[in-house]
Amino acid sequence: MKITVIAVGKIKESFYREALLEYQKRLSRYCSLKIREVEDERTPDKISDTEKENILKKEGARIEKFLPEGVYVVTLEIGGKGFTSEAFAQEITNLGLRGQSHIVFVIGGSLGLHNTIKKRADLAISFSKMTFPHQLMRVFLLEQIYRAFRIINGEPYHK
């Protein structure tokens with residue numbers, strides 16, 4: 001299976017980079033993983049609705065460049081569907097059984113995702129109703145993908 005993570009913004013903190021590298025290494029035995037970073041827009045502290053829309057639109061256009069036809073797109077959104085780890089593993093299994101060999105996960109920037117990206121999604125998932133830094137969400141996502149493959153392969157994982 002091929003998995004791509006498209007994320008807005010760069011990882012600046014070394015501890016996040018180290019965690020991501022560890023999960024990339026662990027996942028290499030289960031899937032082909034690519035991480036694509038797209039440039040984020042500088043967001044002023046006080047932002048108008050028009051400015052917010054323009055920022056989301058620019059970031060959305062950058063994301064779209066990495067969304068080829070035929071891939072299964074999963075966006076991370078607060079309002080998305082919640083999964084247990086076991087149900088998430090089953091979802092990945094079901095996608096494979098339906099012939100979906102390439103899953104693209106999309107993590108927005110600090111303002112979220114533009115509606116064009118949300119509409120392009122085949123599935124929107126939520127890790128929580130809380131808001132998390134998008135850098136940390138990359139770590140959460142890779143950990144859950146790794147856990148899903150452990151579950152799929154009948155290997156032990158921490159509950």
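- Note on ring orientation: taking the six-membered ring where Trp is involved, the planes of Tyr30 and Phe149 are parallel (angle under 30°, cut-offs 30° and 60°).
- Residues Phe132 and Phe140 place their aromatic rings such that the two centres sit under 6.0 Å apart.
- Looking only at side-chain heavy atoms (C-beta outward), Arg17 and Lys10 stay at 4.5 Å or farther from each other.
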Mind running salt bridge (Lys or Arg N to Asp or Glu O under 4.0 Å) on Arg29 and Glu155 for me, showing each step along the way?
CA-CA 13 Å; Arg29 63 184 284 232; Glu155 298 168 355; 3.3 Å; yes
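- The closest donor-acceptor contact from the side chain of Glu64 to the backbone of Ile117 lies at 3.5 Å or more, if one exists at all.
- Shortest non-hydrogen contact noted between Asp40 and Gly9 is CG-CA, 3.8 Å.
- Val8 has its side chain out of reach of Ile107: every pair of non-hydrogen atoms, C-beta onward, lies at least 4.5 Å apart.
- Surrounding CG of Asp49 are at most 12 heavy atoms belonging to other residues, nucleotides or ligands under 6.0 Å away.
- Using a 4.0 Å cut-off between charged side-chain N and carboxylate O, Glu143 and Arg147 make a salt bridge.
- In this structure, a donor-acceptor pair under 3.5 Å is present between the side chains of His102 and Thr4.
- Residues Glu37 and Arg138 are in side-chain contact: their nearest non-hydrogen atoms beyond the backbone lie under 4.5 Å apart.
- The closest side-chain heavy-atom distance from Leu142 to Val5 is below 4.5 Å.
- In this structure, a donor-acceptor pair under 3.5 Å is absent between the side chains of Glu77 and Ser126.
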Could you list the donor-acceptor pairs under 3.5 angstrom formed by side chains in residues 18-26, with sequence neighbours left out?
residue, atom, partner, partner atom, Å
Glu22, OE2, Arg26, NE, 2.9

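- Residues Lys65 and Arg36 have side chains not in contact (no heavy-atom distance under 4.5 Å, counting atoms from C-beta outward).
- With Glu59 contributing its side chain and Leu56 its backbone, the two residues share no donor-acceptor pair below 3.5 Å.
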